[in-house]
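In what follows, every chain begins at residue 1, and chains take the letters A, B, ... in the order their sequences are listed. Fair warning: this is a prediction, and the values are worked out from it, not measured in the lab.
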Amino acid sequence: MAFLELSEQEIIRRKALEELEKLGINPYPAEKYNVTHYSDQIKNEFDEEKGNLQDVTIAGRLMSRRIMGKASFAELQDEKGRIQLYFNRDELCPGEDKAFYNTVFKKLTDIGDIIGVKGKVFKTQMGEISVNVSELTILSKSLRPLPVVKEKDGKTYDAFTDPDQRYRQRYLDLIVNAPVRDTFKKRARLVQTMRNFLNDKEYLEVETPILQPIYGGAAARPFKTHHNKLDMTLYLRIANELYLKKLIVGGYDGVYEFAKDFRNEGMSRFHNPEFTQMELYVAYKDYKWMMELVEEMVEKIAIDLHGTTKVQVGENEIDFKRPWKRFTMFEAIEHFTGIDISQMDEKQLAETAKKLNVEIDDSMGKGKLIDEIFGETCEAKLIQPTFITDYPVEMSPLAKKHRSVQGLVERFEGIVNGKEICNAYSELNDPVDQRQRFEEQLLLAKRGDDEAMMLDEDFLKAIEYGMPPTAGLGIGIDRLAMIMTNSNSIQDVLFFPQMKPEKKMQIDPASMYLELGIPEEWVPVVQKAGFPTVAELKEANPNKLHQQLCGMNKKHKMGLQNPKPEEVKAWIEA
RNA sequence: GACUCAAUAGCUCAGCUGGUAGAGCACAUCCCUUUUAAGGAUGGGGUCCUGGGUUCGAGCCCCAGUUGAGUCACCA
């Protein structure tokens, strides 16, 4: 009953599929197809004077067709780009029988089909390098029409832009919007550069559990799940910090992991429930050393991706050239507000926050207040890469106390384009202090902070055996990818960002209709008539339904035998 | 979670004060020179997001819902 749910264009394509099969052409052949060239290679290597590339085979998706009698032009898109194809009837069909050109190519091939062509490269009168096709193979017939996007001089016509469709059907976005493919290549390159950089330093890439009995290492709400056999609650990790530090205890001097983390929080253009973070821990180092590593690594990524340290992000040109600006948190606040809060107590901080229109509540301790003031007054103004150092101890239960300033820890965040991209500490390796900090977190939790950390005995046990002084880093790969690809939303650097499921119309299976005595061929017609469920059918007016069904039979020329009115009545009353 | 905006043909979008649903591309038919957003002519295609309401009459007005986007909140 295809015509009831398919669009006209889909029906036409299905018919073309049948026609191909009738002609003995398999629209989905099993054999491998020997591709010799990519589109970009042909465009780069072809030399009219040399007359090279006289026998090439390429494969890809047909993106446009211009048919003019016995000559046609088409565009083929492969992974590397697009190239024009030229089809000439008499060259494609040298003999008497021109059916292959007239029928198979002209009628049964559509935009979106995956095809392979063999031919010789030449330059058209318009000067475009093209392949003169002598052999055409259909490799996969496309049954749905593709959005058609056209381009001229960098101007795009009828762009495929609906974000809902682009994210839910990312493959379409990738087929039709070339810059999207490039964004994800850049993201892959970014990860590769980072990995090479760390491997060159002989740090060990490791994997640690995603399902964790106690979540920790960050301030966030987790996803909760359940293991049936063990009958226990498990959490999807919010960070992998504590496991990586256990590996430092175990004697590796440098470990890192590209980790998918999961946080059960709101979504926005900067937040997806699952996101990727690279965490790195290096023994015998401190946070100052780590700052230099971050600068060097990110600068290298910028150069690798763009050939320069300067990257255009929205309206800002960001320069990742070392060294980056450095501010302590108190300096930054003083710089942007003119207020020195370094000596204030909790009460004074709360008053200052109010004065600066920073929203606060009673659950906030001294550290949280300072953090809020910073977040409100400074963060968005830090466009060029900047390190903010020396955070209040209350906000950083896993960081080592500052070597010279009371009440602070040795911590820094890297801020670029007004957003945090990384977070690092001199790791706390004093087990007595660590236990105390966890206990303070418990107090915060009692005060109402639902992101306070849980006390992790297992982790404490590990560092009680002794962990070397260690520098640790977490760097947000998605955020960094956004900056490096000039993407406005995290959804643009994730292939499949989290989306709400589309609400599907409920449809009862055909068997339920058959039980009512409805002939099989009429079931989809009844459903299409506005009764997708048996329950709804039970409410129908039999006379009206009967007329509706006969009407549809006529309109769609289905050629079915109309049911009698009493039969329709019997279905409804069955 | 709050507020604002959006949803119409396969795609991009018009649609006046409430009165017979439109364009470009895509698709089909016919003709046709190596064309460049690209040949020409003709034609078909709609659950106007869903469900209610107001009205003689709703794509348009009102209410509720679905999905998306933006801003804010939480957060990396």
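The pair A:R170-A:D173 meets the salt-bridge criterion, with a side-chain N (NZ, NE, NH1 or NH2) lying under 4.0 Å from an Asp/Glu carboxylate O. Salt bridge status for A:R237 with A:E257: present, with a side-chain N to carboxylate O gap under 4.0 Å.
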> Can you list the steps and then say if A:K15 with A:E18 is a salt bridge (charged side-chain N to carboxylate O under 4.0 Å, His left out)?
Replying inline: CA-CA 5 Å; A:K15 282 190 182 145; A:E18 283 171 28; over 6 Å; no
>> For a side chain to side chain donor-acceptor pair (under 3.5 Å) check, start with the C-alpha distance between A:N417 and A:N316, then their side-chain angles and the critical distance, and finish with the verdict.
In response: CA-CA 8 Å; A:N417 204 32; A:N316 303 316; 3.1 Å; yes
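Stacking of A:F275 onto the six-membered ring of B:A76 is present: less than 5.5 angstrom between centres, less than 30° between planes.
One finds a side-chain N or O of A:R66 lying less than 4.0 angstrom from the OP1 or OP2 phosphate oxygen of B:A38. A close approach under 4.0 Å does occur between a side-chain nitrogen or oxygen of A:Q125 and OP1 or OP2 of B:U35. Not one side-chain nitrogen or oxygen of A:K106 sits closer than 4.0 Å to the OP1 or OP2 atom of B:C31.
Residue contacts for A:K260: at a heavy-atom cut-off of 4.0 Å it reaches no nucleic acid atom on any strand shown. Counting any heavy atom pair closer than 4.0 Å across all strands shown, A:F262 reaches no nucleic acid atom. Across all strands, A:E128 comes closer than 4.0 Å to base atoms (heavy-atom distances). The residue A:G476 sits apart from the nucleic acid: no heavy atom pair falls under 4.0 Å. Across all strands shown, A:E420 has heavy atoms under 4.0 Å from sugar-phosphate atoms exclusively, and none from any base. Using a 4.0 Å heavy-atom distance criterion, A:Q165 is classed as a sugar-phosphate-only contact. Residue A:K107 is in sugar-phosphate contact alone, with no base atom involved, counting any heavy-atom pair closer than 4.0 Å across all strands shown. Nucleic acid contact for A:A159: sugar-phosphate only, since backbone atoms but no base atoms lie under 4.0 Å from a heavy atom of the residue. Within 4.0 Å (heavy atoms only), A:A220 reaches no atom of the nucleic acid at all. Across all strands, A:N272 comes closer than 4.0 Å to base atoms (heavy-atom distances).
In this structure, A:Y101 places its OH atom 12 Å from P of B:C32, rounding to the nearest Å. Following rounding to the nearest Å, A:Y86 (OH) and B:G39 (C1') show an atom-to-atom distance of 14 Å. Computed from coordinates, the A:F122 CZ to B:U36 P distance equals 14 Å when rounded to whole Å. Rounded to a whole Å, the CG atom of A:N88 is 13 Å from the C1' atom of B:U35. Going from atom NZ of A:K120 over to atom P of B:U34 covers 15 Å, rounded to whole Å. Taking atom CG of residue A:L92 and atom C1' of nucleotide B:U34, one finds them 16 Å apart after rounding to whole Å. Following rounding to the nearest Å, A:L398 (CG) and B:A76 (C1') show an atom-to-atom distance of 16 Å. Between A:K70 atom NZ and B:G39 atom C1' the separation is 16 Å, expressed in whole Å.
For A:T161, the listed nucleotide lying nearest its side chain is B:U12; candidates were B:U36, B:C74, B:U12.
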>> Give the dot-bracket line for RNA chain B from 5' end to 3' end: parentheses for intra-strand Watson-Crick or G-U pairs under 3.5 Å, square brackets for crossings, | for inter-strand pairing, dots for unpaired.
In response: (((((((..((((.....[..)))).(((((.......))))).....(((((..]....))))))))))))....
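Distance noted for atom P between B:U47 and B:A21: 14 Å (whole Å). Remark: the separation of the P atoms in B:G40 and B:A26 is 10 Å, to the nearest Å. The gap from the P atom of B:C48 to that of B:A41 amounts to 32 Å, rounded to the nearest Å. Nucleotides B:G18 and B:A9, compared at atom C1', are 23 Å apart to the nearest Å. When the C1' atom is compared between B:A37 and B:G59, the two are found 31 Å apart, to the nearest whole Å. Of the P atoms belonging to B:A64 and B:A2, the separation is 13 Å, rounded to the nearest Å. Comparing the C1' positions of B:C25 and B:G44 gives a spacing of 16 Å, expressed to the nearest Å. Atom C1' of B:A7 sits at a distance of 23 Å from the matching atom of B:U54, rounded to the whole Å.
In terms of position on RNA chain B, the residue among A:K123 and A:E75 whose nearest nucleotide sits closer to the 5' end is A:K123. If you find the closest nucleotide of RNA chain B to A:F73 and to A:S64, the one lying nearer the 5' end belongs to A:F73.
A:N52 contributes a side-chain N or O that, together with a main-chain N or O of A:D47, makes up a donor-acceptor pair within less than 3.5 Å. At least one donor-acceptor pair under 3.5 Å links the side chain of A:K141 to the backbone N or O of A:L108. Using modelled atom types, one side-chain atom of A:R65 and one backbone atom of A:T109 make a donor-acceptor pair closer than 3.5 Å.
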Can you check nucleotides 68-72 of chain B for protein contacts, nitrogen or oxygen pairs under 3.5 Å, and list what you find?
residue: B:G68; atom: OP1; partner: A:K500; partner atom: N; Å: 2.9
residue: B:A69; atom: OP1; partner: A:Q491; partner atom: OE1; Å: 3.1
residue: B:A69; atom: OP1; partner: A:Q491; partner atom: NE2; Å: 3.1

What nitrogen or oxygen pairs link the protein and nucleotides 25-27 of chain B at under 3.5 Å?
residue: B:C25; atom: O3'; partner: A:K150; partner atom: NZ; Å: 3.1
residue: B:A26; atom: OP1; partner: A:K150; partner atom: NZ; Å: 3.2
residue: B:A26; atom: N3; partner: A:Q9; partner atom: NE2; Å: 3.1
residue: B:C27; atom: O4'; partner: A:Q9; partner atom: OE1; Å: 3.4

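A tilted orientation is assigned to the rings of A:Y86 and A:F73, their planes being inclined by 30° to 60°. Using a 30° and 60° split on the angle between ring planes, A:F184 and A:F495 fall in the parallel class, below 30°.
The base of B:U36 lies close enough to the side chain of A:T124 for a donor and an acceptor atom to sit less than 3.5 Å apart.
Considering only residues two or more places apart in sequence or on other chains, A:Q54 meets the side chain to side chain contact (heavy atoms under 4.5 Å, CB included) condition with A:F46, A:K120. Remark: A:E420 pairs with A:E379, A:E413, A:N423 by the side chain to side chain contact (heavy atoms under 4.5 Å, CB included) rule, at least two apart or across chains.
For A:K118, the NZ atom sits in a loose shell: 12 or fewer heavy atoms of surrounding residues, nucleotides or ligands are nearer than 6.0 Å. Within a 6.0 Å sphere centred on CZ of A:R66, other residues, nucleotides and ligands contribute more than 12 heavy atoms.
Looking at A:Q169 and A:Y171, their side chains do bring a donor and an acceptor atom within 3.5 Å of each other.
Applying the salt bridge (Lys or Arg N to Asp or Glu O under 4.0 Å) rule to pairs touching residues 482-497 of chain A yields A:R166-A:D492, sequence neighbours excluded.
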